[in-house]
Amino acid sequence: MLALFPFLGGCGSEQETVAQGKSSQEDATENRIVATTMSTVEIMDELELDLVGVPETSSKMPERYKDVTVVGGAMSPDVEMIKSLNPTDVLSVTTLEYDLAKGFKEVGLPTTFVDFQSIGDMQSEIIALGKKYEREEQAEKLVAKYTKKLQEIQEQVKDKDSPKVLILLGIPGSYLVATNESYIGNLVEMVGGTNAIQGQKVEFLASNSEYLHESNPDIILRMAHGMPKDVIKMFDEEFKVNDVWKHFSAVKNGRVYDLEEPVFGTTSNLQADIALEKLAEILYEE
């Protein structure tokens, strides 16, 4: 069983990181923050901070930001529109840094890429954002919620056998295998599961059903990322047409589960406590 995650670490970035941001002494009213992902929007809302720009989304926007300028999708924000808002900080996530950093830098946008690759990383970033924007009390309260939930779950499962779990990430047209370096892999380990794929340094691997069968998982988790209805249909067709799947113990025993966004995303978000709870129910189903 993993120990409780630390939440005071930092994250590296070619751009500004949270811990290297503006002094907490600076007047909070001078902040003009643009959040380009819903995960950062939700955290800003919990920290009771105003925004001047938010991403385009099909999710429910917090009431605080209902009239705020929309600056495009998380993966392709409108940099010129963001620039016109004269932001003091533009928030995105490290998983999009490779795609976005150059464009932000070219137009001179002050950018912070926050690390949400695990719950512990998210906690660290929340604490750092709280210090940066003088919202330390709100940040500590928010972080404590996830620590408490994990403590409760680890106490519940401490004497149970660790199930072996295969995690598939479906994207339109194909699927990948999630390792313990991924966010969902981190969640599985947090609640005492063992990833069927070990010893990898990357988050996701190309799929090979014959090789995966050799891992002999007790449970198969299927995540749908992007166009979830289409991805679930793709998974159902794959499991029906590809004969190898019927030989998996997890399939024979009816231990295949579909995990849906936004509770289960590719990076951490404020529904992480719900995700932990749901995973514990799945892994230790009576």
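- Side-chain atoms of P87 and I33, non-hydrogen and from C-beta on, never get closer than 4.5 Å to each other.
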Between E97 and V114, does a side-chain contact (heavy atoms from CB on, under 4.5 Å) hold up when you go through it step by step?
CA-CA 9 Å; E97 184 172 3; V114 292; over 6 Å; no

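- For the 3.5 Å distance criterion, the side chains of S162 and T194 qualify, holding a donor opposite an acceptor.
- When the shell of 6.0 Å around CG of D161 is examined, it contains 12 or fewer heavy atoms from other residues, nucleotides or ligands.
- For D218, there are no salt bridge (charged side-chain N to carboxylate O under 4.0 Å, His left out) partners two or more places apart in sequence or in a different chain.
- Counting heavy atoms from C-beta outward, L283 and V191 have side chains that approach closer than 4.5 Å.
- Residues V177 and I167 have side chains not in contact (no heavy-atom distance under 4.5 Å, counting atoms from C-beta outward).
- Residues K132 and T112 are in side-chain contact: their nearest non-hydrogen atoms beyond the backbone lie under 4.5 Å apart.
- Rounded to the nearest 0.5 angstrom, L142 CG and L47 CG are separated by 6.5 Å.
- Within the 3.5 Å criterion, the main-chain N or O of F248 finds no donor-acceptor partner in the side chain of N216.
- With hydrogens and angles left out, the side-chain atoms of D121 and S118 include a donor and acceptor closer than 3.5 Å.
- M75 and L176 fall within a single hydrophobic cluster, where Ile, Leu, Val, Met, Phe, Trp and Tyr side chains are chained together by heavy-atom contacts under 4.5 Å.
- Taking all atoms of both residues into account, the shortest heavy-atom contact from M81 to S84 is O-OG, 2.6 Å.
- A donor-acceptor contact closer than 3.5 angstrom links the side chains of Q117 and E203.
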Can V244 and E210 be said to form a side-chain contact (heavy atoms from CB on, under 4.5 Å), step by step?
CA-CA 7 Å; V244 72; E210 294 287 350; 3.9 Å; yes

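- Side chain of K83 to backbone of V107: a donor-acceptor contact under 3.5 angstrom is found.
- Here the closest heavy-atom approach between residue T40 and residue S92 is recorded as CG2-O, 4.2 Å.
- Within a 6.0 Å sphere centred on CD of Q198, heavy atoms belonging to other residues, nucleotides or ligands number more than 12.
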Does V52 form a side-chain contact (heavy atoms from CB on, under 4.5 Å) with T69? I'd like the steps, not just the answer.
CA-CA 6 Å; V52 297; T69 300; over 6 Å; no

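- In this structure a side-chain-to-backbone donor-acceptor pair under 3.5 Å is present from N253 to S249.
- Residue Y211 is grouped with residue V202 when hydrophobic side chains (ILVMFWY) are merged at heavy-atom distances under 4.5 angstrom, including chains of intermediate members.
- Transitive grouping of hydrophobic side chains (ILVMFWY, heavy atoms separated by less than 4.5 Å) keeps L169 and V231 in distinct clusters.
- L85 has its side chain within reach of V71: a pair of non-hydrogen atoms, C-beta onward, lies under 4.5 Å apart.
- Taken from CD1 in I43 to CG in L129, the straight-line distance is 7.0 Å, to the nearest 0.5 Å.
- Using a cutoff of 4.0 Å between basic side-chain nitrogens and carboxylate oxygens, E285 and R255 are scored as salt-bridged.
- Side chain of E134 to backbone of K131: no donor-acceptor contact under 3.5 angstrom is found.
- In the hydrophobic clustering of this structure, L205 does not group with V188; members are Ile, Leu, Val, Met, Phe, Trp, Tyr whose side-chain heavy atoms approach within less than 4.5 Å, directly or through other members.
- Here CE of M38 is found 10.5 Å from NZ of K60. Values are rounded to the nearest 0.5 Å.
- Of the possible polar contacts, one joining the T111 side chain to the L109 backbone as a donor-acceptor pair under 3.5 Å is found.
- When all heavy atoms of P262 and Q271 are compared, the pair lying nearest together is CG-NE2, 3.2 Å.
- With 3.5 Å as the limit, one finds a donor-acceptor pair spanning the side chains of Y175 and E238.
- The two atoms that bring E155 and K158 nearest to each other are OE2-NZ, 2.8 Å, heavy atoms only.
- The distance from the CG atom of L51 to the CG atom of D45 is 8.5 Å, given to the nearest 0.5 Å.
- Distance alone, capped at 3.5 Å, is enough to place a donor-acceptor pair between the R135 side chain and the E48 backbone.
- The backbone N or O of G120 lies less than 3.5 Å from a partner atom in the side chain of S124, making a donor-acceptor pair.
- The salt bridge (charged side-chain N to carboxylate O under 4.0 Å, His left out) search around D78 returns none, not counting sequence neighbours.
- For E277, the salt bridge (charged side-chain N to carboxylate O under 4.0 Å, His left out) partners two or more places apart in sequence, or in a different chain, are K149.
- D273 has no carboxylate O lying under 4.0 Å from a charged side-chain N of K278, or vice versa, which leaves the two without a salt bridge.
- In this structure, the side chains of I220 and L168 come closer than 4.5 Å at one or more pairs of heavy atoms.
- Residues Y284 and P163 approach most closely at CE2-CD, 3.8 Å, considering heavy atoms.
- Between the NZ atom in K240 and the NZ atom in K246 there is a gap of 13.0 Å [rounded to 0.5 Å].
- Looking only at atom types and distance, the side chain of T179 has no donor-acceptor partner in the side chain of S182 under 3.5 Å away.
- Heavy-atom contacts from other residues, nucleotides or ligands closer than 6.0 Å to CD of E260 number 12 or fewer.
- A heavy-atom distance below 4.5 Å is not found between the side chains of F113 and V93.
- In the hydrophobic clustering of ILVMFWY residues, with side-chain heavy atoms under 4.5 Å counting as a link, V256 and M223 come out apart.
- The side-chain heavy atoms of T88 and P110, taken from C-beta on, include no pair separated by under 4.5 Å.
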Verify side-chain contact (heavy atoms from CB on, under 4.5 Å) between V70 and V54, making sure each step is shown before the conclusion.
CA-CA 5 Å; V70 176; V54 295; 4.3 Å; yes

Determine whether F116 and Y183 satisfy the following criterion, ring-ring contact (aromatic ring centres under 6.0 Å, His included), listing intermediate values before the conclusion.
CA-CA 8 Å; F116 289 168; Y183 169 56; 9.4 Å; no

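- We find that D50 and R32 are not joined by a salt bridge, their nearest charged nitrogen and carboxylate oxygen being 4.0 Å or further apart.
- At most 12 heavy atoms of other shown residues, nucleotides or ligands fall within 6.0 angstrom of atom NZ in K233.
- Ring planes of F239 and W245: parallel class, angle under 30° (limits at 30 and 60°).
- Side-chain atoms of S76 never come within 3.5 Å of backbone atoms of G73 as a donor-acceptor pair (strictly under, hydrogens ignored).
- Panel note: side chain Y146, backbone L270; a donor-acceptor pair is recorded below 3.5 Å.
- Checking side-chain atoms of H247 against main-chain N and O of H213 turns up no donor-acceptor pair under 3.5 Å.
- Across Y133 and D89, no two heavy atoms sit closer than the pair OH-OD2, 2.7 Å.
- Taken to the nearest 0.5 Å, the OG atom of S39 stands 9.0 Å off from the CE atom of M122.
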